[in-house]
Amino acid sequence: VLPHKPLFTKHNHTMKRIALITTGLVLMLSMTLNAQNQNGRFGLELNAGASAATHKLSGTNLHPGFGFEGVIHYRVLAGAGIYAGWGWNGFGSETSFAGNEVDFEETGYVFGIQYQHPCDNRSLGYFLRAGGLYNHIEMENTEGEIFGDTGHGFGWQVAGGVSLPLGRGWSLAPGVRFNSLDREYTTESGEWDLKLRYVSARIGFVKSF
């Protein structure tokens, strides 16, 4: 039996797709932010890191995965604001209800409210978030072909972390988040309730405007 290959050495086309989406997101958000007054209310964040499922996915053991998000935040009141963005997270598996060596990819949108105590030149800041997801789960085989899709549905996310000032409006933002998404997957051979629960450790870079 051949050992399971890592998620990102197996699907070069997936990485190309991620790179294109990320580039487009950065350009779109940068244009939006540059059009606003420079009042420090906006923030552009890109984060990435490892993730681990806390439950089996319809009986399937998921390998540790990897994901990233692009998020824009807006401060409404002192310390309180809103955020929205797009994210991707992928997990590999050896055996599953959908077949052998299947990758499960969760993609979609994130939005919610946040409390943020900004950092200054002398101290750390921190942030807390609670919000929703509008995501779907795709299934990809060893050939890099997507053969299953649950369709989008709502879930939820909580997150928190710290902000380390780097200067010139930039900060480093390590944090932890927990995602929860319930979807149904139906084929001619049966129906499965997919309950995706995972915790992520992320490192983010934030630019304030």
Engineer: Tell me, with the steps shown, if Phe104 and Thr150 meet side chain to side chain contact (heavy atoms under 4.5 Å, CB included).
Structural biologist: CA-CA 11 Å; Phe104 295 89; Thr150 64; over 6 Å; no

Engineer: Kindly work out whether a path of hydrophobic side-chain contacts (I/L/V/M/F/W/Y, heavy atoms less than 4.5 Å apart) joins Leu164 to Ile203.
Structural biologist: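 Yes; tracing contacts between hydrophobic side chains, which count when under 4.5 Å, links both residues.
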
Engineer: Are Phe91 and Tyr198 an aromatic pair by the rule of ring centers under 6.0 Å?
Structural biologist: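 For Phe91 and Tyr198, the ring centres are under 6.0 Å apart.
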
Engineer: Taking C-beta and beyond as the side chain, do Met139 and Glu105 meet within less than 4.5 Å on heavy atoms?
Structural biologist: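 The answer is no, as the side chains (C-beta and beyond) never meet within the 4.5 Å cut-off.
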
Engineer: Could you tell me whether Glu45 and Arg129 have a side-chain N and a carboxylate O separated by less than 4.0 Å?
Structural biologist: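 Looking at Glu45 and Arg129, the cut-off is met.
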
Engineer: So do Val206 and Ser163 actually touch side chain to side chain, heavy atoms under 4.5 Å?
Structural biologist: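 No; the side chains remain at least 4.5 Å from each other.
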
Engineer: Please determine if Arg197 and Asp182 form a salt bridge, counting it only when a charged side-chain N lies under 4.0 Å from a carboxylate O.
Structural biologist: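 Salt bridge present between Arg197 and Asp182.
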
Engineer: I'd like to know if Trp156 and Leu196 are part of one continuous hydrophobic network [Ile/Leu/Val/Met/Phe/Trp/Tyr, side-chain heavy atoms within less than 4.5 Å].
Structural biologist: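 No: no chain of side-chain contacts under 4.5 Å links Leu196 to Trp156.
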
Engineer: Does Phe205 reach the side chain of Leu166, with side-chain heavy atoms less than 4.5 Å apart?
Structural biologist: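 The answer is yes; the side chains approach within 4.5 Å.
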
Engineer: Scan side-chain atoms only and decide if Asn89 and Glu106 contain a donor-acceptor pair under the 3.5 Å cut-off.
Structural biologist: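 The criterion, which ignores hydrogens and geometry beyond distance, is not satisfied for Glu106 and Asn89.
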
Engineer: Check whether any side-chain heavy atom of Pro174 lies under 4.5 Å from a side-chain heavy atom of Leu172, and answer yes or no.
Structural biologist: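 Side chain of Pro174 against side chain of Leu172, heavy atoms only: contact under 4.5 Å found.
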
Engineer: Give me the ring orientation class for Tyr126 and His117: parallel if the planes are under 30° apart, tilted from 30 to 60°, perpendicular past 60°.
Structural biologist: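 Tyr126 vs His117 ring planes: parallel.
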
Engineer: For Phe111, look at atom CZ and say whether over 12 heavy atoms of other residues, nucleotides or ligands are found less than 6.0 Å away.
Structural biologist: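 More than 12 within 6.0 Å, yes.
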
Engineer: Can you hop from Phe178 to Leu181 via hydrophobic side chains spaced under 4.5 Å?
Structural biologist: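 Each belongs to a different hydrophobic cluster.
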
Engineer: Are Val162 and Trp170 linked, directly or through intermediate hydrophobic residues, by side-chain heavy-atom contacts shorter than 4.5 Å (ILVMFWY only)?
Structural biologist: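 Each belongs to a different hydrophobic cluster.
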
Engineer: Specify whether His136 and His152 have parallel, tilted or perpendicular ring planes, treating 30° as the upper limit for parallel and 60° as the lower limit for perpendicular.
Structural biologist: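 Taking His152 first and then His136, their aromatic rings lie parallel (interplane angle under 30°).
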
Engineer: Considering non-hydrogen atoms only, spot the tightest contact between Leu46 and Gly70 and give its length.
Structural biologist: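 Shortest heavy-atom contact: CD2-CA, 3.7 Å.
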
Engineer: With side chains defined as the heavy atoms from C-beta onward, is the minimum distance between Trp86 and Asn135 less than 4.5 Å?
Structural biologist: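 No, side chains not in contact.
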
Engineer: Can you tell if the side chain of Glu101 reaches within under 4.5 Å of the side chain of Asn141, non-hydrogen atoms only?
Structural biologist: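 No; the side chains remain at least 4.5 Å from each other.
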
